[in-house]
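One-based numbering, in listed order, for ligands and for the atoms of each.
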Amino acid sequence: MQDTYRHKGMRNQLVKEIAHKGITDQQVLEAVRDVPRHFFFDSAFTEHAYDDKPFPIGSGQTISQPFTVAFQTQLLEMKSGDKILEIGTGSGYQAAILAAMRARVYTIERHRDLYRKSQQILEKMGYKRIQFFLGDGYEGKEAYSPYDKIIITCGAPYMPETLLNQLKPGGYIVAPIGERSIQEMQRWQKQEDGEFIKSSYGNFSFVPMVKGK
Ligand code: SAH
């Protein structure tokens, strides 16, 4: 797989487009400019890689829309070296964006095929600070907790308590919450006393967060 000037040009266009739609965090825009999204597509479909649209990636799942990835990442207010837990590895694109921003990423996927494929792609791309787990995101990954930030990239019917417990005080969890096809983007910040400050950021549509492997 090659990253050509043409691909870079298309990424510059995409960055302009999502900036126009409201992404202001320069670090996030830079990561979208840096990470070749077409590497996450089967070769027959790479023409679609720089549209601001979600796309099917097999096993009935999708790679999230670039704007949505950037929007959730912006809400995380990332700092270099942050330890991040991602629920729903999927294609691995969101994990790559986080790693490009110098995070240490722990990512969980329940589909074995996607778990394998995303790992292969990201290792080939040279990301060393991503750890992959096959499992149920509802359980989180206690062994490496607490996390500075947690991001859920599938539609969760409710905010999972287990994940709240694995978050550091001061940290954020960003998740699309809702039982139906539309979810509300929420960010909860954990206070020192263990309570949460909650904010909402509009409606999105994700594939559902499903229990079990
Ligand atoms: N972050 C991904 C988005 C993929 S779509 C990307 O950048 O491409 C959401 C993913 O969440 C799907 O791959 C789906 O299989 C996964 N998922 C759904 N429920 C899950 C659960 N309980 N635990 C882990 N992954 C889950």
Side-chain angles (χ1 to χ4, degrees), residues 14 18 23 28 31-32 34-42 45-46 48-76 78 84-101 103 105-122 125 127 130-142 144 147 149-164 166 173-183 185 204-213:
L14 176 63
I18 64 174
I23 305 301
V28 174
V32 173
D34 284 350
V35 177
R37 190 165 182 264
H38 64 283
F39 286 9
F40 299 86
F41 283 60
D42 285 335
F45 301 115
T46 53
H48 299 281
Y50 297 106
D51 297 342
D52 188 24
K53 290 189 181 134
F55 201 82
I57 52 171
S59 310
Q61 306 301 321
T62 58
I63 178 169
S64 303
Q65 184 177 344
F67 173 78
T68 305
V69 171
F71 190 81
Q72 282 196 283
T73 309
Q74 178 165 279
L75 286 177
L76 289 175
M78 301 269 299
I84 310 231
L85 177 66
E86 180 193 25
I87 310 302
T89 316
S91 67
Y93 178 68
Q94 171 76 69
I97 292 288
L98 296 170
M101 296 172 78
V105 183
Y106 299 80
T107 184
I108 308 176
E109 173 57 54
R110 63 185 292 279
H111 266 289
R112 187 178 296 275
D113 290 352
L114 295 175
Y115 158 77
R116 285 214 187 103
K117 201 169 163 197
S118 59
Q119 191 165 1
Q120 271 174 7
I121 293 170
L122 291 167
M125 289 173 80
Y127 292 110
I130 307 177
Q131 289 200 46
F132 300 84
F133 303 97
L134 178 65
D136 181 1
Y138 279 98
E139 291 169 16
K141 197 34 86 181
E142 172 136 50
Y144 298 94
Y147 300 95
K149 318 276 163 69
I150 299 176
I151 176 172
I152 305 181
T153 68
C154 34
Y158 55 87
M159 191 64 94
E161 180 88 31
T162 319
L163 298 183
L164 296 177
Q166 296 179 11
I173 179 163
V174 171
I177 303 291
E179 289 190 64
R180 291 168 189 272
S181 57
I182 302 289
Q183 300 88 29
M185 191 62 75
F204 290 81
S205 182
F206 285 76
V207 298
M209 181 167 175
V210 180
K211 283 229 165 84
K213 262 193 284 187

| task | Assess the pair Y93 and F55: is the distance between their ring centroids shorter than 6.0 Å? | result |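 Y93 vs F55: aromatic centres not under 6.0 Å.
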| message | Tell me whether the rings of F67 and F204 are parallel (<30°), tilted (30 to 60°) or perpendicular (>60°). | response |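 Plane angle under 30°, so parallel.
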| message | If the condition is ring pair (Phe, Tyr, Trp, His ring centres under 6.0 Å), which residues does Y147 pass it with, not counting sequence neighbours? | response |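 Applying ring pair (Phe, Tyr, Trp, His ring centres under 6.0 Å) to Y147 gives Y106.
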Going by the atom numbers of ligand 1, which of them fall below 4.0 Å from some non-hydrogen atom of [X]?
X    : value
I108 : 24 (C), 25 (N)
V207 : 5 (S), 9 (C)
G90  : 4 (C), 13 (O)
G135 : 23 (N), 24 (C)
T62  : 3 (C), 4 (C), 5 (S), 8 (O)
M209 : 18 (C), 19 (N), 22 (N)
S91  : 6 (C), 7 (O), 8 (O)
T153 : 1 (N), 2 (C), 3 (C), 5 (S), 9 (C)

Provide, to 0.1 Å, the distance between [atom] and the closest protein heavy atom, together with that atom's residue and name.
atom                    : value
atom 7 (O) of ligand 1  : Q94 N, 3.0 Å
atom 19 (N) of ligand 1 : V210 N, 3.0 Å
atom 17 (N) of ligand 1 : C154 SG, 3.8 Å
atom 23 (N) of ligand 1 : G137 N, 2.7 Å
atom 13 (O) of ligand 1 : E109 OE1, 2.8 Å

Is [X] touching ligand 1 with its side chain, its backbone, both, or neither, if touching means heavy atoms under 4.0 Å apart?
X    : answer
H111 : side chain
L114 : side chain
V69  : neither

Does [X] come within less than 4.0 Å of ligand 1, judged by its heavy atoms?
X    : value
P208 : yes
K211 : no
T107 : no
S59  : no

| said: Distance alone, cut at 3.5 Å: any donor-acceptor contact between the side chains of S91 and Q61? | reply: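 There is no such pair (donor and acceptor under 3.5 Å, judged by atom type) between the side chains of S91 and Q61.
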[atom1]-[atom2] distance between [X] and [Y], expressed to the nearest 0.5 angstrom:
X    : Y    : atom1 : atom2 : answer
L163 : I151 : CG    : CD1   : 12.5 Å
D136 : I87  : CG    : CD1   : 8.5 Å
Q183 : M209 : CD    : CE    : 12.0 Å
F133 : I108 : CZ    : CD1   : 7.0 Å
E86  : T153 : CD    : OG1   : 4.5 Å
L122 : K117 : CG    : NZ    : 12.0 Å

| Is there a side-chain contact between F132 and E109, using heavy atoms and a 4.5 Å cut-off? |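 Answer no - side chains too far apart.
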| request: Measure the shortest side-chain to side-chain distance between D52 and Q65 over non-hydrogen atoms and say whether it is less than 4.5 angstrom. | output: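 SC-SC contact between D52 and Q65 confirmed.
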Should [X] be counted as touching ligand 1, given the test is an N or O pair under 3.5 Å?
X   : value
I87 : no
E86 : yes
I57 : no
G88 : yes

| task | Examine distances only and state if a side-chain atom of Y144 and a backbone atom of L85 form a donor-acceptor pair shorter than 3.5 Å. | result |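 Looks like no, no N/O pair under 3.5 Å.
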| task | Without swapping roles, check the side chain of T89 against the backbone of Y115 for a donor-acceptor pair under 3.5 Å. | result |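 No; zero donor-acceptor contacts below 3.5 Å.
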| Evaluating non-hydrogen atoms only, which member of R37, Q72, R110, Q61 is closest to atom 12 (C) of ligand 1? |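 The option holding the nearest heavy atom is Q61.
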| Contacts of type side-chain contact (heavy atoms from CB on, under 4.5 Å), residue T162, not counting sequence neighbours |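 In terms of side-chain contact (heavy atoms from CB on, under 4.5 Å), with neighbours along the sequence ignored, T162 is linked to Q166.
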